[in-house]
Amino acid sequence: MKIIVLTTVIPDLIEELEISPDGKSLDKTYLRYIPNELDDHALEEALLLKERHGGEVVVLALNIREETDEMLFAALAKGADKAVKINGDFEGIDNHAKAKILRKVLENFEFDLILTGVQTVEDIDGYVGPLLASYLAIPYVGVVSGVSYLKDTLLVKKELPGGLLTEMEVSIPCVLGIQAAENPPRYVAISRLRQMMRTAKLEEFQCEKEKNGKIEIKKVFKPEIAGKAEMIVGEPEEIVEKIVKILEEKGIIK
Amino acid sequence: MEEIVKANVDLESDFVGRMILEQGGEKFRQCIQCGMCVGSCPNGYFMDYPPRKFIAALRANMLKRVIQSNTAWTCISCFNCSLRCPSGIKITDVLIPNLREEILLEGKTTPQEVQKALENTSRYGNPLGESPRKRADWTKEIGIPVKVLPQASESVEVLWFVECYPSYNPRNILTSQAFARILNALKVNFGILGHEEFCAGDDVRLVGEKGLFEMLIEHNTKILNKYKFDFILFTDPHGYNAFKNEYPKFGVQYETMHYTEFLVDKIDKLKSLFKKKLNGTVTYHDPCYLGRRNGEYEAPRELLKAIPGLKLVEMPRNRENALCCGGGGGGIWLDSYIREHSKERLSEKRVKEAYSTGANILAVACPYDMSRFEDAIKITGYEGKLIVKDIIELIDEAM
């Protein structure tokens, strides 16, 4: 089975988030970027399928930050057969543009299955996968937590709200948004990663910028504090006095 | 059977090949199968392949069975076996870390907490997954100046290598703050590395992540080279051990001291600063990496005896026989795994021993002891009867 895994690096939420002076985006100057955890699950699922059924795993990523290289080398160290870095001017692109770029790059690859993390912290709706599937005119299933390969189709496990699971049969090729792999993503020893960075090569593609969708961000802001709680402390008599005073101030009692 | 043995020979010869590259790694060949290691191992009763059996399996080309067993992740690197082995086999430092490395390189069956701790350490320089920028945040609002070297330009006498848990763990931070007050009262010219400091990596080494350990050595050495100081001081015996015994193997030599050794040298000055009498009976738990591994048993006891009003009593297992808290060698990240395989946590056994002495204070000198024992006290129901204090905190309270 030929499997494509779409991965990306995302801002690390361990640091405080700041908003850019334009008020429409994150200030990325001091942000650290890390691999999207759910893409790690997608890669793990791909590697498990490869171990069971043979085939090839190709990992793709848009080169949006320098941290992309290490993520791709780590994928190779885990057992991916090929890692592809897509270069270009990707400043300010949205999910529509990303999906169009990926569709173009995928013209160069044969595949039976495309796996990706179901969402990222920058894209809670997780619609790169569905958009790509619609551009390629193939099925999409999201929030997947298990994939088995039947003869010409896949049996996928999907989480439903309310603690239910469902199994669906999907024709291939298709795109799956992975919520969790069957096993937790495997560990890459640093020695193995460093060896890979010294010896392996990333395949590179150059891409033109694609058009964004029709959604424009007007404003990014921190949630405003809606209310607050105040603890009233002291002796019972003092507390009563304070409560009465507050109630009077609010005009509830006179 | 012949085929199985044949197929595995590569695995064994690779494994032995890696071991003998390390200092003293070849000594496992001198194993006389006496079983001293198993007898002294606090987890030996549930470990599938304790060291003796592990070496026998390796000789019989059955390493695969050891890899698939619970052995790798039930060792807490307490150093009992290594101290007692009549052949001087490097069980804790070479045999077990190599087994773990074998599993890590394979990329599977690593307990999740260990994996997370390693990923965090490689990403943030600390296993807790905290922001490196907040590493010196504990120094804020303690009311005394702490020189953070990247912001100070002068040289210091003492470079305090704070380490990860003392920098981030809320309980351990209290100990760090108390130590800063003591250094300040003693008028010691000291500084810390702040956000530039990465984990010293002793537990990373012991869980078999040699590549990451080397990366941490490279980083810390590069940082330390920027500053002038006389020696490095540790409150954490694990960081102390790394710098004292392991960094030199990579050509990195620094003068090192554990705080108990440092303070005992200044005991007269310290005594003159004591103003309060603490009332209580205290028993002392020897941390593995201060005691058994580095032979420091008396300095902590001298300090406790010097604190006014404290009566020191000993647990039956003390000094080199002290029972491990279960936190070392990755044990702090393996609590649930080990608990699943064992009957009782070592920390629970240890607080029972402490309570049986009649002590109301369990004194420690290692950050891992603090959380291990405080949790164990909650589990065993000694809350309100026994409290855990670092020696630092007792000194600070008496000042």
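As the structure is a prediction and not an experimental result, all values here were calculated from the model. Labels below follow one simple rule: chain letters A, B, ... track the order of the sequence lines, proteins then strands, and each chain is numbered from 1.
At least one donor-acceptor pair under 3.5 Å links the side chain of B/E209 to the backbone N or O of A/I190. At distances below 3.5 Å, not a single donor-acceptor pair connects side-chain atoms of B/Q115 with backbone N or O atoms of A/P184. Listed for the A/R32 side chain is no donor-acceptor partner under 3.5 Å among the backbone atoms of B/Y124. For A/R192 (side chain) and B/L105 (main-chain N/O), a donor-acceptor pair under 3.5 Å exists by modelled atom type.
Going from atom CG of B/L104 over to atom OH of A/Y187 covers 6.5 Å, rounded to the nearest 0.5 Å.
Environment of CD in A/E51: crowded, with over 12 heavy atoms of neighbouring residues, nucleotides or ligands closer than 6.0 Å. Counted within 6.0 Å of NZ on B/K90, heavy atoms from surrounding residues, nucleotides or ligands total 12 or fewer; the atom is thus considered open. For NZ of A/K2, the number of neighbouring non-hydrogen atoms (other residues, nucleotides, ligands) closer than 6.0 Å is 12 at most. Heavy atoms of other residues, nucleotides or ligands lying less than 6.0 angstrom from CD of A/E122 number more than 12. Within 6.0 Å of NZ on B/K222 lie no more than 12 heavy atoms contributed by other residues, nucleotides or ligands. Atom CD1 of A/I232 has more than 12 heavy atoms from other residues, nucleotides or ligands within 6.0 Å. Environment of NZ in A/K50: crowded, with over 12 heavy atoms of neighbouring residues, nucleotides or ligands closer than 6.0 Å. Counting heavy-atom neighbours within 6.0 Å of B/E141 CD, excluding the residue itself, gives a total of 12 or less.
Looking at B/S131, both its backbone and its side chain come within 4.5 Å of chain A, counting heavy atoms on both sides. Contact of A/Q195 with chain B is not made at all, since no heavy-atom distance falls under 4.5 Å. Of the two parts of B/E119, the backbone and the side chain both hold a non-hydrogen atom closer than 4.5 Å to a non-hydrogen atom of chain A. Of the two parts of A/D12, only the side chain, counted from C-beta on, holds a non-hydrogen atom closer than 4.5 Å to a non-hydrogen atom of chain B. Interface remark: B/K134 contributes side-chain atoms only to the contact with chain A (heavy atom separation under 4.5 Å).
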**OP:** Apply salt bridge (Lys or Arg N to Asp or Glu O under 4.0 Å) to A/R194 and B/E218, showing your working.
**Re:** CA-CA 14 Å; A/R194 283 185 161 187; B/E218 281 168 28; 3.4 Å; yes

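Looking only at side-chain heavy atoms (C-beta outward), B/M215 and A/S191 stay at 4.5 Å or farther from each other. Proximity of A/E15 to B/P132: side-chain heavy atoms (C-beta onward) are separated by under 4.5 Å at one or more points.
Applying the salt bridge (Lys or Arg N to Asp or Glu O under 4.0 Å) rule to A/D39 yields no partners; only residues at least two apart in sequence or on another chain are considered.
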